[in-house]
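Since the structure comes first, as structure tokens, the remarks are kept for the end.
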Amino acid sequence: IDTCFGTHHLNFAEDANNTLWLSNNTQGERAVVGWINTKLYWETGDAAKSQGWTPLIVDTNANGKRDEGYNEPGKPADYSKDTRIPFAMYAIAYSPADGAIWGSNLTHPGYIVRLAPGANPAETAMAEIYKIPLPGFGIRGSDVDRNGVVWMPLDSGHIASFDRRKCKGPLNGPGAELGEKCPEGFAFYPIPGPGFQGDP
């Protein structure tokens with residue numbers, strides 16, 4: 001299938017359309033998440049009608065929905081609007097707990113991104129971003145368990161988890177585009193075995 005968005009890793013959703021979600025791993029203004037409605041594709045053979053994509057928009061004006069106009073990456077913050085983040089997904093996974101799409105971002109120190117598709121993802125999808133706090137850093141892959149907890153191996157010598165249910169404060173509003181809203185959601189488990197000299 002020819003797509004109008006870049007693709008990298010992929011993951012099937014457990015939904016009625018067998019939606020195939022595709023990461024992009026392109027940073028900046030071209031950071032998007034795409035999908036293919038495989039049920040529609042097999043029924044019609046129409047690749048154009050079966051696919052869609054969305055930029056990653058964070059609800060920085062805290063009105064609970066995605067607005068038509070939003071701040072673009074690299075522009076001054078304007079918290080009367082939503083904000084498009086320049087962080088694409090590397091790994092991508094579907095959460096059976098709530099239907100959200102999660103992905104890892106390789107930008108140091110590492111981020112995880114959540115996308116809630118909504119009824120019409122090209123127009124309704126909302127993103128959240130979470131920066132990996134110390135002592136963790138460096139992410140590649142990630143996956144989501146059936147409780148909606150994200151698991152990730154880290155360069156810091158940890159297996160880490162992120163449980164959104166542990167977040168204490170609001171996850172939207174000013175500053176949500178920076179990824180610092182829920183450090184309490186992370187837990188770190190040191191990988192056993194020898195490390196480098198001086199490693200704690």
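All of these numbers come straight from a predicted model, not from anything done at the bench.
Between Val58 and Ala176, the closest heavy-atom pair is CG1-CB, 3.6 Å. In terms of heavy-atom proximity, Ser104 sits nearest to Ile139 at CB-CD1, 3.5 Å. Minimum heavy-atom separation, Lys65 to Asn63: O-OD1, 2.9 Å. For the residue pair Ser23 and Ile92, the shortest heavy atom distance occurs at N-CD1, 3.7 Å. Shown here for Pro135 and His158, the closest heavy-atom pair between the two residues is O-CE1, 3.8 Å. Minimum heavy-atom separation, Pro190 to Phe188: CD-O, 3.9 Å.
Here the side chains of Thr44 and Lys49 are not in contact, with every heavy-atom distance at 4.5 Å or above. Residues Ile101 and Tyr94 form a side-chain contact, since some pair of their non-hydrogen atoms from C-beta on lies under 4.5 Å apart. Looking at heavy atoms from C-beta onward, Arg140 lies out of side-chain contact with Pro153 at the 4.5 angstrom threshold. Using a 4.5 Å cut-off on side-chain heavy atoms (C-beta onward), Tyr70 and Pro55 make contact. Side-chain contact check for Thr54 versus Trp35: some heavy-atom pair is nearer than 4.5 Å. Within the 4.5 Å cutoff, the side chain of Arg114 has heavy atoms near those of the Trp102 side chain.
Going from atom CG of Leu171 over to atom CE of Met126 covers 11.5 Å, rounded to the nearest 0.5 Å. With values rounded to the nearest 0.5 angstrom, Ser142 atom OG is found 10.0 Å from Leu154 atom CG. Distance check: Tyr79 OH to Glu177 CD gives 3.5 Å after rounding to the nearest 0.5 Å. Between Phe87 atom CZ and Leu106 atom CG the span is 11.5 Å, to the nearest 0.5 Å. Between Glu43 atom CD and Thr38 atom OG1 the span is 9.5 Å, to the nearest 0.5 Å. To the nearest 0.5 angstrom, Ser156 atom OG is 8.0 Å from Ile132 atom CD1.
No side-chain donor-acceptor contact under 3.5 Å links Asn120 to the backbone of Thr124. A distance-only check finds no donor-acceptor pair linking the side chain of Arg66 to the backbone of Ala127 [under 3.5 Å]. Side chain of Ser80 to main chain of Asn61: no donor-acceptor pair is present (N/O by atom type, distance under 3.5 Å, no hydrogens or angles). In this structure, Asn37 contributes its side chain and Ser50 its backbone to no donor-acceptor pair below 3.5 Å. Side chain of Asp67 to main chain of Asp82: no donor-acceptor pair is present (N/O by atom type, distance under 3.5 Å, no hydrogens or angles).
Taking a cutoff of 4.0 Å between a charged side-chain nitrogen and a carboxylate oxygen, Lys166 and Glu184 do not qualify as a salt bridge. Using a cutoff of 4.0 Å between basic side-chain nitrogens and carboxylate oxygens, Arg164 and Glu128 are scored as salt-bridged.
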Where do Thr26 and Asn24 land on the side-chain hydrogen bond (donor to acceptor under 3.5 Å, both in side chains) test, with the steps shown first? CA-CA 5 Å; Thr26 300; Asn24 177 266; 3.2 Å; yes

Assess the residue pair Gln51 and Asp2 against the criterion (side-chain contact (heavy atoms from CB on, under 4.5 Å)); give the C-alpha distance rounded to whole Å, side-chain angles, the decisive distance to 0.1 Å, and a yes or no. CA-CA 10 Å; Gln51 67 179 280; Asp2 289 330; 5.8 Å; no

Please step through side-chain contact (heavy atoms from CB on, under 4.5 Å) for the pair Asn147 and Asp163, ending with a clear verdict. CA-CA 9 Å; Asn147 295 313; Asp163 189 342; over 6 Å; no

Could you go step by step and tell me if Leu115 and Leu56 meet the side-chain contact (heavy atoms from CB on, under 4.5 Å) rule? CA-CA 8 Å; Leu115 185 73; Leu56 297 166; 3.7 Å; yes

Pair Arg84-Val32, side-chain contact (heavy atoms from CB on, under 4.5 Å): steps then yes or no: CA-CA 10 Å; Arg84 179 177 183 172; Val32 300; 3.9 Å; yes

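Of the candidates Tyr111, Phe162, Tyr130, Phe162 is the only one forming a ring-ring contact (aromatic ring centres under 6.0 Å, His included) with Phe186.
Both Leu22 and Phe12 are assigned to one and the same hydrophobic cluster, defined by single-linkage of ILVMFWY side chains at heavy-atom distances under 4.5 Å. Each of Ile1 and Leu40 belongs to its own hydrophobic cluster when Ile, Leu, Val, Met, Phe, Trp and Tyr are linked at side-chain heavy-atom distances under 4.5 angstrom. Hydrophobic clustering, with ILVMFWY side chains joined whenever heavy atoms are under 4.5 angstrom apart, keeps Met89 apart from Leu10.
The list of ring-ring contact (aromatic ring centres under 6.0 Å, His included) pairs with a residue in residues 36-69, not counting sequence neighbours, is empty. Evaluation of the side chain to side chain donor-acceptor pair (under 3.5 Å) test over residues 5-22, restricted to residues two or more places apart or in two chains, returns Glu14-Arg146, Asp15-Thr19.
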